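All values derive from a computational prediction rather than experimental measurement. Proteins get letters first, then strands, A, B, ... in listed order; numbering begins at 1 in each.
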Amino acid sequence: MPELPDVEGFRRTAEKAAHRVVRGVDVRDAQVVLNSGPADFGEALRGRRFAEPHRHGKVLQIPTENPPADSSPGGSSVDGSSADGMPSLLVHFGMTGALLWCEPNEPPHAHDRVVFRFDGGELRYRDMRKLKGVRIAREPAEAAEVLDELGPDAAAASRAEFAARLTRTRRQVKTALTDQAVLAGLGNLTADEVLWRAGIAPHRQTTELTRDELDALHRRMRSTLREASRAGLVPNRPSWLSGHRADKRCPRCSERLSQRRMSGRTTIWCPVCQPD
DNA sequence: ATGTCTGTTTCCTA
DNA sequence: GTAGGAAACAGACA
């Protein structure tokens, strides 16, 4: 599932836990804890509060903050401790990961790999295939190591930044769009969707795109991500290309869609709306 | 049963 | 620098 819009949905889920104290961490499958042992992982988080979650591309970062200096009722104090210097939780959802907010007594799901318990609810990292998972960054520099590998967030990249990053390489535009080091957040579905909306064939070389085409691509990308993020997934609507991966007819002109594997992923486009 | 597919990423080879 | 394949994993599906 997880492309930028999905992770944006998970970010909103994580907001339910913001400013709550982590009462306990259950690592039900140590394999998804990427950079520490299960005990250390839980120990790094227990007793701290989750702060406001951030998303960069497909990566979700949940910083922590210290518990409020004892109870300060009445004061809506966000307390003194900033999230600086505190450990962060980093989540990469791989291909099948998800984050769910559950009531305390909901029975566990077979694919619940890590459970973060709070008073009155819990956050669950659920993942069937365990291609990625969670990691702990003990200080901001450690989180930066992961995030610095990524290009600018696709939903936030400016037009100029977008064009500059994309044309830095001369690869096929679909491949460049899904390269997280070029631009962070687009996956197989959103890349196909954006290219279709912009009327650009996926195998075009980035360096042969005109300024107008780059601008169109950027504009479509922003609007597509905005709409999909609101839904928390790439919609399966009839007016979207992604809704036609099965019947393989262009939603705009009804032409038979073309299909090819590009860098290992199934790529779909309309030969009429996206000419060579 | 066996093979193929999958909304991800990384590593290797040509 | 770029493209393609395989692998990590756990299914669903024909």
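Protein atom NE2 of A:H92 is 12 Å distant from nucleotide atom C1' of B:dG7, rounded to whole Å. Atom CG in A:N188 sits roughly 11 Å away from atom P in B:dT9 (whole-Å rounding). The separation between A:R113 atom CZ and C:dA8 atom C1' is 14 Å, rounded to whole Å. Between the C1' atom of C:dT2 and the NE2 atom of A:H203 lies a distance of 17 Å, rounded to the nearest Å. In this entry the distance linking CG of A:D6 with P of B:dT8 reads 9 Å, nearest Å. Residue A:L166 contributes atom CG, which lies 11 Å from atom P of C:dT2 at whole-angstrom precision. Here C:dA10 presents its P atom at 16 Å from CZ of A:R126, a figure rounded to the nearest Å. Summarising the geometry, the separation between CD on A:E149 and P on B:dT9 is reported as 13 Å, rounded to the nearest angstrom.
Remark: A:K58 is in phosphate contact with B:dT9, judged by side-chain N or O atoms under 4.0 Å from OP1 or OP2. Between A:T169 and C:dT2 there is a side-chain N or O to OP1 or OP2 distance below 4.0 Å. A close approach under 4.0 Å does not occur between any side-chain nitrogen or oxygen of A:R261 and OP1 or OP2 of C:dG4.
With no hydrogens or angles considered, a side-chain donor-acceptor pair links A:H244 and A:D247 at under 3.5 Å. Between the side chains of A:R48 and A:N66, at least one donor N or O lies within less than 3.5 Å of an accepting N or O. Inspection of the A:R170 and A:T206 side chains reveals no N or O donor paired with an N or O acceptor under 3.5 Å.
Listed for the A:E213 side chain is no donor-acceptor partner under 3.5 Å among the backbone atoms of A:L209.
Ring-plane geometry between A:H203 and A:W269 is classed as perpendicular, the angle between the planes exceeding 60 degrees on a 0 to 90 degree scale with a lower cut at 30.
A salt bridge is defined here as a Lys NZ or Arg NE, NH1 or NH2 lying under 4.0 Å from an Asp or Glu carboxylate O, and A:R124 with A:E122 meets this definition. Classification of A:K58 and A:D6 as a salt-bridged pair fails, no side-chain N sitting under 4.0 Å from a carboxylate O.
Nucleotides B:dA1 and C:dA8 have their C1' atoms positioned 24 Å apart, rounded to a whole Å. For the C1' atoms, the distance linking B:dT8 with C:dG1 amounts to 23 Å, nearest Å. B:dG7 and C:dT2: their P atoms are spaced 24 Å apart (whole Å).
Side-chain atoms of A:Q31 lie closest to C:dC9 of the nucleotides C:dC9, B:dT6, C:dG4. Listed nucleotides: C:dT2, B:dT6, B:dT10. Nearest to the side chain of A:K132: B:dT10. Side-chain proximity of A:R171 to the nucleotides C:dT2, B:dT9, B:dG7 is greatest for C:dT2. Of the candidates B:dG7, B:dT6, C:dT2, the closest approach to any side-chain atom of A:R129 belongs to B:dT6. For A:R170, the side-chain atoms get nearest to C:dT2 when compared with the rest of C:dG4, C:dC9, C:dT2. Checked against C:dT2, C:dA10, B:dT8, the side chain of A:K130 finds its nearest nucleotide in C:dA10.
Scanning DNA chain C for stems, defined as runs of 3 or more consecutive Watson-Crick or G-U wobble pairs whose donor-acceptor distances all fall under 3.5 Å, gives the following ranges: B:2-6 with C:10-14, B:8-14 with C:2-8.
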Donor-acceptor pairs are to be reported for all side-chain atoms of residues 219-226 of chain A against protein atoms at under 3.5 Å, with residues two or more places apart or in another chain.
{"from": "A:R222", "atom 1": "NE", "to": "A:A155", "atom 2": "O", "distance (Å)": "3.2"}
{"from": "A:R222", "atom 1": "NH1", "to": "A:A157", "atom 2": "O", "distance (Å)": "2.9"}
{"from": "A:S223", "atom 1": "OG", "to": "A:R219", "atom 2": "O", "distance (Å)": "3.3"}
{"from": "A:S223", "atom 1": "OG", "to": "A:R220", "atom 2": "O", "distance (Å)": "3.2"}
{"from": "A:T224", "atom 1": "OG1", "to": "A:R197", "atom 2": "NH1", "distance (Å)": "3.4"}
{"from": "A:T224", "atom 1": "OG1", "to": "A:R220", "atom 2": "O", "distance (Å)": "2.6"}

Is there any protein nitrogen or oxygen under 3.5 Å from a nitrogen or oxygen in nucleotides 11-13 of chain C, and what are the pairs?
{"from": "C:dG11", "atom 1": "OP1", "to": "A:H111", "atom 2": "NE2", "distance (Å)": "3.1"}

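Note that the CG atom of A:L233 and the CD atom of A:E8 stand 12.5 Å from one another [nearest 0.5 Å].
Taking the six-membered ring where the residue is Trp, the centroids of A:F116 and A:F50 are separated by under 6.0 Å.
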